[in-house]
Amino acid sequence: MQKIILLLALITVNITSAQQPKKKQILLIGTFHYANPGHDIAKINTFNVMSEKSQKELEIMSDKIKKFGPDKIFVEWKFAKQAELDKYYNKNTDSILNKDSNEIAQLALRTAKKLNHKKMYGIDYRTRFPYDSLMMSMEKANQKDLMKKTTESTERFQKENNERMAKSSLTDLMLYYNEKAANEDNIQWYLEVANRAGNPDDFTGASLVSNWYKRNLYMYSLVQKLTESTDKKIMVLLGAGHAAMLREFLAHDPEFEIVELATVLK
């Protein structure tokens, strides 16, 4: 009798396991901007990804990501300009890799071509980021402590990252920008500092924070909607700040499981 009960229990467990859909694997890659357009508040020195050493590293990285085998690759390119991304993707690959130093070309496109993908997917959605207005609101509210925290946070970020860029390889930098600890300060500033900015009737800070969340939620929404049932693995390449936000969203989405870059590159 006990053997029959045990057998029935095992059958039930197996049936339940079979009914549970397998999670889709997402290789979420946060990065500094290779081409360094200078749009961020913190000013980080440019890293030479076009050097012979970095190009060899990019070949190795892309080969290992190819082995992981993402079915789709999502990048920080405006969703509304997908047609331009398609046109860009179909240009001569060697010409792009020899000319364009941005991460979309050097890592995403390089990898997508090795995988024989027909396209990459742009998921960026821009929102307002009124940083100057935020600082003015702090000044009007006499929030010198918040202004000091913002200045110190920016200066510390610049110093630490510029020192790291000076002594690290590209692979080491990519691994660093995908460590959770490297991005915690970024998220914390929005809630600890920016959201507090302004007088009680001034919501400039909360507006900036909500726009930042909105941009990242829109990008994540596109990842969710453009990932089809047949896609088992995907890759998402975004600035480290965006990747940190998506990591928070993914913690509450049971359809995905994160595969760490360190695991793929080992």
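No hydrogens, no waters, no symmetry mates; every other heavy atom, side chains included, goes into these values. Computed from a predicted model, the values in this text were never measured in an experiment.
- By the 6.0 Å and 45° rule, Lys113 stacks over the aromatic ring of Tyr89.
- Of the possible polar contacts, one joining the Thr111 side chain to the Leu107 backbone as a donor-acceptor pair under 3.5 Å is found.
- No side-chain N or O of Glu255 forms a donor-acceptor pair with one of Gln224 less than 3.5 Å apart.
- The side-chain heavy atoms of Trp77 and Ile123, taken from C-beta on, include no pair separated by under 4.5 Å.
- Between Lys72 and Asp231 there is a salt bridge, since a side-chain N of the basic residue sits under 4.0 Å from a carboxylate O of the acidic one.
- Without hydrogens or angle criteria, Asn92 side chain to Ser95 main chain gives a donor-acceptor distance under 3.5 Å.
- Judged by distance alone, the side chains of Lys225 and Ser221 do bring a donor and an acceptor atom under 3.5 Å apart.
- The two residues Lys119 and Asp86 have their closest heavy-atom pair at CE-OD1, 3.6 Å.
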Show your reasoning for whether side chain to side chain contact (heavy atoms under 4.5 Å, CB included) applies to Thr263 and Leu27. CA-CA 10 Å; Thr263 301; Leu27 174 59; over 6 Å; no
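- At a threshold of 4.0 Å, the pair Lys159-Glu163 counts as salt-bridged, since one of the basic side-chain nitrogens sits closer than that to a carboxylate oxygen.
- Listed for the Ser168 side chain is no donor-acceptor partner under 3.5 Å among the backbone atoms of Met165.
- Here OG1 of Thr154 is found 13.5 Å from NZ of Lys149. Values are rounded to the nearest 0.5 Å.
- Shortest non-hydrogen contact noted between Gln143 and Arg196 is NE2-O, 3.0 Å.
- Checked against the 6.0 Å centroid threshold, Phe74 and Tyr121 count as a close aromatic pair.
- When side chains are defined from C-beta on, Ile29 counts as touching Met174, because their heavy atoms get closer than 4.5 Å.
- In the model, Ser51 has a side-chain atom that pairs as donor or acceptor with a side-chain atom of Ser54 under 3.5 Å.
- Shown are Tyr176, Phe157, Tyr177; of these, the ring-ring contact (aromatic ring centres under 6.0 Å, His included) with Phe32 is made only by Tyr177.
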ring-ring contact (aromatic ring centres under 6.0 Å, His included) evaluation trace for Tyr218 with Tyr220: CA-CA 5 Å; Tyr218 274 43; Tyr220 185 55; over 10 Å; no
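- Shown here for Tyr88 and Ala105, the closest heavy-atom pair between the two residues is OH-CB, 3.3 Å.
- A salt bridge links Lys114 with Asp63; the closest basic N to acidic carboxylate O contact falls under 4.0 Å.
- Salt-bridge formation is detected for the pair Glu260/Arg247: a Lys NZ or Arg NE/NH1/NH2 atom is positioned less than 4.0 Å from an Asp or Glu carboxylate oxygen.
- Checking side-chain atoms of Glu103 against main-chain N and O of His33 turns up no donor-acceptor pair under 3.5 Å.
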Show the numbers, then the answer: is there a side chain to side chain contact (heavy atoms under 4.5 Å, CB included) between Thr150 and Met138? CA-CA 10 Å; Thr150 298; Met138 289 183 190; 3.7 Å; yes
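- Side-chain contact between Gln55 and Gln106 is present, with at least one heavy-atom pair separated by less than 4.5 Å.
- The shortest heavy-atom contact between Phe68 and Ile234 is CE2-O, 4.0 Å.
- Minimum heavy-atom separation, Gly198 to Ala141: C-CB, 3.7 Å.
- When hydrophobic clusters are built by joining Ile, Leu, Val, Met, Phe, Trp and Tyr residues whose side-chain heavy atoms come closer than 4.5 Å, directly or via intermediates, Val75 is not grouped with Tyr125.
- Side-chain contact between Asp71 and Thr227: absent, with no pair of heavy atoms (C-beta onward) separated by less than 4.5 Å.
- Considering every non-hydrogen atom in both Val49 and Ser101, the closest pair reads CG2-O, 3.4 Å.
- To the nearest 0.5 angstrom, Ile26 atom CD1 is 6.5 Å from Leu246 atom CG.
- Annotation: side chain of His242 is in contact with side chain of Met219 (closest heavy-atom distance under 4.5 Å).
- The side-chain heavy atoms of Met61 and Leu58, taken from C-beta on, include a pair separated by under 4.5 Å.
- Side chain of Gln25 to backbone of Ile258: no donor-acceptor contact under 3.5 angstrom is found.
- Met135 CE to Met147 CE: the interatomic distance, rounded to the nearest 0.5 Å, is 4.5 Å.
- Here the side chains of Phe129 and Leu134 are not in contact, with every heavy-atom distance at 4.5 Å or above.
- Arg110 and Glu59 are joined by a salt bridge, as a carboxylate oxygen and a charged side-chain nitrogen come within less than 4.0 angstrom of each other.
- A single hydrophobic cluster is seen to contain both Trp189 and Met245, as judged by linkage of ILVMFWY side chains at heavy-atom distances under 4.5 Å, directly or through other members.
- For Asp100 (side chain) and Asn102 (main-chain N/O), no donor-acceptor pair under 3.5 Å exists by modelled atom type.
- Lys64 NZ to Leu261 CG: the interatomic distance, rounded to the nearest 0.5 Å, is 10.0 Å.
- A salt bridge links Lys53 with Glu57; the closest basic N to acidic carboxylate O contact falls under 4.0 Å.
- Side-chain contact of Thr204 with Ser137: a donor-acceptor pair under 3.5 Å is present, judged by distance alone.
- With rounding to the nearest 0.5 angstrom, the CE atom of Met120 is 7.5 Å from the CD1 atom of Ile73.
- With no hydrogens or angles considered, a side-chain donor-acceptor pair links Ser169 and Asp172 at under 3.5 Å.
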Test log, rule side chain to side chain contact (heavy atoms under 4.5 Å, CB included), inputs Tyr190 and Trp212: CA-CA 9 Å; Tyr190 285 97; Trp212 173 248; 3.5 Å; yes
Would Thr151 and Lys148 satisfy side chain to side chain contact (heavy atoms under 4.5 Å, CB included), going step by step from the backbone distance to the final call? CA-CA 5 Å; Thr151 300; Lys148 183 180 179 183; 5.8 Å; no
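- How far CG of Asn178 is from CG of Leu173: 11.0 Å, rounded to the nearest 0.5 Å.
- Salt bridge Asp124/Arg215: present, at least one basic N to carboxylate O contact under 4.0 Å.
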